[in-house]
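Every value quoted in this text rests on a predicted model; they were computed, and no experiment measured them. Read the numbers this way: they start at 1 and go in the same order the structure lists the ligands and their atoms.
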Amino acid sequence: MNDPILRYTLVERVMHWIAAVAFCYVLATGLAFYSPHLYWIATLLGGAPTSRFWHPWLGVVFAATLFWMLKAWLGDMRITPADRKWGDSMQHYIRNEDENLPPIDRFNIGQKYFFWGMLWAGIVLLLSGAVLWFPELIPWSLRGLRFAAVLLHVSSALITIGLFIIHVYMGTAVVRGGFTSIIRGEVSPAWARTHHRLWFQRVTGK
Ligand code: HEM
């Protein structure tokens, strides 16, 4: 009756934590390259040449995990009319009145926007990063592309940083029980019913 419910399979958790580790690494080394005031981070992470070597590779790993998530979670990440209804009742969410919120499926609209934001910003980071990785392949007549790549790389990185801060804050401090689920995979039936009632009904048939 009170058996835990599987929220994230082992494969989903491994996928998530590869994404998290890769993101933290590219974030830390990227910040080191961004400002001389943060250059000490590169020193801590094995020196500038090591950081410069691994930054683009871990960026590729991060982008790959985003496509992996897309494949695994596409069905759960589509925005539905139920999400819009939930989004319109946001004031109840902010006031912690979860019982007044309309039921939603596996993810709420905030989680879905977070995912799509990360995916699109990640694609821009990957493409602009490729230009910065192999500048010698860009002919001088296309130098505007190099300048655009610098601007796009920094601005999309800033978007991911903003999304990341909100995600970690929501996942660890606001929604209690969420963090355990991405570590151990399971949630209690009460948690599932409170936060994701349609998903709870779908997986339990209750
Ligand atoms: C140290 C960093 C991170 C922490 C502590 C963290 C925490 C969490 C938690 C607690 C959940 C489960 C939320 C729930 O089911 O209610 C989750 C899910 C998820 N995480 Fe992370 N995460 C981190 C990094 C990342 C990164 C870098 C990405 C990049 C794409 C990411 C993408 C996702 C996605 C798409 C989900 C499923 C939907 C959602 O809950 O937003 N996470 N994460």
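Close contacts of ligand 1 with Leu66, meaning ligand atoms under 4.0 Å from a residue heavy atom, involve 30 (C). The contact set between ligand 1 and Ala20, taken as ligand atoms under 4.0 Å from a residue heavy atom, comprises 24 (C), 27 (C). Near Phe115, with a cut-off below 4.0 Å to any heavy atom, the atoms of ligand 1 are 35 (C). Listed by number with element, the atoms of ligand 1 under 4.0 Å from a non-hydrogen atom of Met77 are 38 (C). Using a 4.0 Å cut-off to heavy atoms of Gly178, the atoms of ligand 1 that qualify are 10 (C), 12 (C). In summary, the atoms of ligand 1 found under 4.0 Å from a heavy atom of Gly171, numbered by their order in the structure, are 10 (C).
Ile182 CB, 3.9 Å is the protein heavy atom nearest to atom 11 (C) of ligand 1. Among all protein heavy atoms, the one lying closest to atom 29 (C) of ligand 1 is Phe62 CE1, 3.8 Å. What sits closest to atom 3 (C) of ligand 1 on the protein, heavy atoms only, is Val168 CG2, 3.8 Å. For atom 12 (C) of ligand 1, the closest heavy atom belonging to the protein is Tyr8 OH, 3.5 Å. The protein non-hydrogen atom at the shortest distance from atom 4 (C) of ligand 1 is Trp17 CH2, 3.8 Å.
Counting only non-hydrogen atoms, the option in Met118, Met69, Gln111 that gets closest to atom 16 (O) of ligand 1 is Gln111. In the candidate list Phe114, Phe164, Phe107, Phe114 is nearest to atom 28 (C) of ligand 1, counting heavy atoms.
At least one heavy atom of Trp191 sits less than 4.0 Å from an atom of ligand 1. Using a non-hydrogen distance threshold of 4.0 Å, His195 does not register as a contact of ligand 1. Ligand 1 does not have Val175 within reach: every non-hydrogen atom of the residue lies 4.0 Å or more from it.
Counting heavy atoms from C-beta outward, Met77 and Leu74 have side chains that stay 4.5 Å or more apart. With a 4.5 Å cut-off on side-chain heavy atoms, Pro102 and Ser89 count as touching.
Residue contacts with ligand 1, taken as heavy atom pairs separated by less than 4.0 Å, do not involve Lys112 at all. With a 4.0 Å heavy-atom cut-off, ligand 1 is reached by the side chain of Phe23 but not by its N, CA, C or O.
By the 30° and 60° cut-offs, the orientation of the rings of Trp191 relative to His195 is tilted. Between Trp133 and Trp57, the angle of the ring planes goes over 60°, which puts this pair in the perpendicular group of the 30/60° scheme.
Exactly one residue among Phe107, Phe67, Trp68 makes a ring-ring contact (aromatic ring centres under 6.0 Å, His included) with Trp73. That residue is Phe107.
Ion pairing of Arg202 with Asp76 is present here, as a side-chain N (NZ or NE/NH1/NH2) and a carboxylate O approach within less than 4.0 Å. Ionic pairing of Glu186 and Arg13 is not present here: no N-O contact between side-chain nitrogen and carboxylate oxygen is shorter than 4.0 angstrom.
Considering backbone and side-chain atoms alike, His16 places an N or O below 3.5 Å from some N or O of ligand 1. Note: an N/O pair closer than 3.5 Å links His167 and ligand 1 by distance alone. Considering backbone and side-chain atoms alike, Trp73 places every N or O at 3.5 Å or more from each N or O of ligand 1. Ligand 1 has no nitrogen or oxygen under 3.5 angstrom from a nitrogen or oxygen of His196.
A donor-acceptor pair under 3.5 Å links the side-chain atoms of Lys112 to the main chain of Arg78, judged by distance alone. Without hydrogens or angle criteria, Arg176 side chain to Gly171 main chain gives no donor-acceptor distance under 3.5 Å. Checked by atom type and distance alone, the side chain of Ser35 never pairs as donor or acceptor with a backbone atom of Leu31 at under 3.5 Å.
Around CZ of Arg146, the count of heavy atoms belonging to other residues, nucleotides or ligands within 6.0 Å exceeds 12. Counting heavy-atom neighbours within 6.0 Å of Tyr34 OH, excluding the residue itself, gives a total of 12 or less.
For Phe33 and His55, the ring centers sit closer than 6.0 Å to each other.
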